[in-house]
Amino acid sequence: MSRFLVAPAQGVAGVVTVPGDKSISHRALMFGAIASGTTRVTGFLEGEDCLATLKAVEALGVQVRRPGSGEVIVEGVGLGGFTAPRDALDMGNAGTAMRLFMGLLSSQPFDSVLVGDESLMRRPMERVAKPLREMGAHIETSEGRPPVRISGGSRLHGIHYSMPVASAQVKSAILLAGLRAEGETTVVEPDVTRDHTERMLQTFGCEVSARAGTVTLRPPARLVAADVAVPGDFSSAAFFIVAACIGAREPFTIRGVGVNPTRTGLLEMLALMGADLRLINHRTCGAEPVADIEVRPAPLKGIRVPERLVPLAIDEFPAFFVAAACADGETVVTGAEELRVKESDRIAVMAQGLTALGIRNEVLPDGLRIEGGRFSAGTVDSRGDHRVAMSFAVASLRADGPIEILDTANVATSFPGFAGLARSAGLGIEERA
Ligand code: S3P
């Protein structure tokens, strides 16, 4: 089983560029596949999650070429052009792939089965299956979990759906199903969630109106292929943002990061703690805003995290908990029960890791209370959760001895090359098989 060994480091310095955005890479492949014409994607994340989506679109009869690093050419087959896959579609560790494909496949004339790795096979799928059934789809889950079995030949109709949980994956699955449904589809979100699907639909020529938490889509005759330039993943940048907040010796820069406001809650949370963060060189990458993020050293103080920021930072809590452990005083996160159904139960797994490294904390049903301190040497089990593994590597910047992190192979799902890049920034990280 692969692991990280991380020696305490003096600090981080320099400039880094992180790999492409995972959410946007998945969507670029899916939208390219169902568009009419050729879609060229650049900056594509060549992580295992997005490669699972790539294999799935190929299994559905779509031609995909990869002429160079980060470049993908998708020959779109049109909205009704998928062909039946021979086998079950394996989504690996990727919840986004499974849930968005449920939306895409529920209106196809053929049956399909979706499976994944051990972690994905435990994750809830009824949150997507239920609204899709309301649209007329025939979907079975196994006590709410994968395998997901979709029967072909359903004719879908649009719905007006108020989501009980704030989830971009649920919203996106419904909108993708709505592309081939009869009539309009409207999704109402209880809190704002990432809006990459809405932005990309517009790029591909589909009319969507989005305002005040309500998104409405009118089924288009077709989607028109478009080029997609994928920005750096804010969620990958998060590890370096926190690393710089707790360990920068001088201004530290992360270049070319997607700063869509539905993703950057972490910046607000860290600013409330006293972090010195600046966004510079604002530009756009297709439909998405991009900037360089500059971090200067500053002391952090504990905060109570405003619950409205939770969905805007949903993937960044493992990294944020490490920042909280380095702050002066207590930090409290509530309203974050969704963390329990991510790649691992991130409340429980992070709490165990913090405790193993001498940081006092209290598990709450929907969050965590953390007392700032210093990390001791120790061993942490990431339970195969990529973001947990990378977060504890960053903790080495404030540790009294080496940190060993177990079960780290899944870092490659979202951040291939993490250890090398972290080493170049100053972390004492080594990978062991
Ligand atoms: C994602 C949405 C989020 C996030 C996940 C990616 C997406 O999940 O945690 O990593 O690409 O739509 P939820 O929508 O379930 O919160």
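Counting from 1, the numbers follow the sequence of the chain as shown. Ligands are counted one by one from 1 in listed order, and the atoms in each one are counted from 1 as well.
Among all non-hydrogen protein atoms, the one lying nearest atom 8 (O) of ligand 1 is Lys342 NZ, 3.1 Å. Among all protein heavy atoms, the one lying closest to atom 10 (O) of ligand 1 is Asp315 OD2, 2.7 Å. For atom 15 (O) of ligand 1, the nearest protein heavy atom (residue, atom name, distance) is Ser167 OG, 3.2 Å. The protein heavy atom nearest to atom 12 (O) of ligand 1 is Arg27 NH2, 2.7 Å. Of the protein's heavy atoms, Gln169 NE2, 3.5 Å lies nearest to atom 1 (C) of ligand 1. Closest to atom 6 (C) of ligand 1 among all protein heavy atoms lies Thr96 OG1, 3.3 Å.
Checked by distance only, ligand 1 and Ala168 come closer than 3.5 Å through their nitrogen or oxygen atoms. Looking at Arg387 next to ligand 1, no N or O pair under 3.5 Å apart turns up.
For ligand 1 and Ile314, the ligand atoms under 4.0 Å from any heavy atom of the residue are 9 (O).
For the pairing with Glu71, the salt bridge (Lys or Arg N to Asp or Glu O under 4.0 Å) check across Arg40, Arg65, Arg66 returns one residue only, Arg40.
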Hey, can you pull the donor-acceptor pairs under 3.5 Å for the side chains in residues 29-39, sequence neighbours left out?
{"residue": "Thr38", "atom": "OG1", "partner": "Glu75", "partner atom": "OE1", "Å": "2.7"}
{"residue": "Thr39", "atom": "OG1", "partner": "Ala226", "partner atom": "N", "Å": "3.4"}
{"residue": "Thr39", "atom": "OG1", "partner": "Ala226", "partner atom": "O", "Å": "3.4"}

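In this structure, the salt bridge (charged side-chain N to carboxylate O under 4.0 Å, His left out) partners of Glu330, at least two apart in sequence or on a different chain, are Arg369.
Contact annotation for Lys171 and ligand 1: no heavy atom of the residue comes within less than 4.0 Å of the ligand.
In this pair, Phe320 and Phe317 present their aromatic rings perpendicular. The plane angle is above 60°, beyond the 30 to 60° band. In this structure, Phe239 and Phe418 have perpendicular ring planes: the angle between them is above 60°, well past the 30° mark.
Side-chain contact check for Arg127 and Gln169: no donor-acceptor pair (N or O, by modelled atom type) lies under 3.5 Å.
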Q | Worked verdict on His138 versus Ser154 for side-chain hydrogen bond (donor to acceptor under 3.5 Å, both in side chains) | A | CA-CA 7 Å; His138 288 89; Ser154 303; 2.9 Å; yes

